[in-house]
Amino acid sequence: LDPEAVKGVVLLGPPAVEALSLDKSPEAIAKVWRIVGSPVGAALFRFARRKPFLASFSKKNLFADPALVDDDYLDVCAAGAADAAT
């Protein structure tokens with residue numbers, strides 16, 4: 001990987017920051033946590049760990065130049081996503 005190809009780093013984790021923002025009611029926050037902890041949330045997590053999703057997400061949200069999302073980068077992402085504990 002070319003270190004000059006990375007413009008920035010984004011850390012993500014469920015639930016999204018917007019879901020837990022300060023202007024949300026405790027009930028709304030609890031609802032998000034119920035969904036994340038449900039079989040639906042688990043299925044979404046498994047879907048997001050797939051290499052095609054990682055490629056699409058990286059091209060749309062992480063890289064200034066989508067052409068820089070290459071197989072080496074995706075292999076690293078897929079390896080990290082293979083272990084749900086990481």
Side-chain angles (χ1 to χ4, degrees):
L1 294 175
D2 178 9
E4 299 298 319
V6 178
K7 184 174 182 176
V9 176
V10 176
L11 302 176
L12 301 171
V17 173
E18 294 82 17
L20 297 177
S21 65
L22 295 176
D23 62 343
K24 300 288 183 185
S25 70
E27 294 82 17
I29 293 171
K31 180 179 178 183
V32 170
W33 279 111
R34 281 194 305 276
I35 292 169
V36 168
S38 74
V40 171
L44 291 172
F45 180 65
R46 284 191 302 276
F47 176 81
R49 291 169 46 202
R50 296 170 36 255
K51 196 170 181 178
F53 178 86
L54 295 168
S56 174
F57 182 86
S58 296
K59 289 175 182 178
K60 291 178 185 174
N61 300 296
L62 301 180
F63 281 71
D65 181 359
L68 295 176
V69 177
D70 61 11
D71 286 334
D72 291 335
Y73 167 78
L74 292 172
D75 289 343
V76 170
C77 290
D83 181 2
T86 63

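Residue Lys51 qualifies as enclosed at atom NZ: its count of foreign heavy atoms under 6.0 Å is above 12.
Both Phe47 and Phe57 belong to a common hydrophobic cluster when Ile, Leu, Val, Met, Phe, Trp and Tyr are linked at side-chain heavy-atom distances under 4.5 angstrom. A single hydrophobic cluster is not seen to contain both Phe45 and Ile35; linkage of ILVMFWY side chains at heavy-atom distances under 4.5 Å, directly or through other members, places them apart.
Closest approach of Ala48 to Phe53, counting heavy atoms only: O-CD2, 3.1 Å.
Taking OG of Ser58 as the start and CG of Leu68 as the end, the distance is 11.5 Å to the nearest 0.5 Å.
Residues Leu54 and Arg49 have side chains not in contact (no heavy-atom distance under 4.5 Å, counting atoms from C-beta outward).
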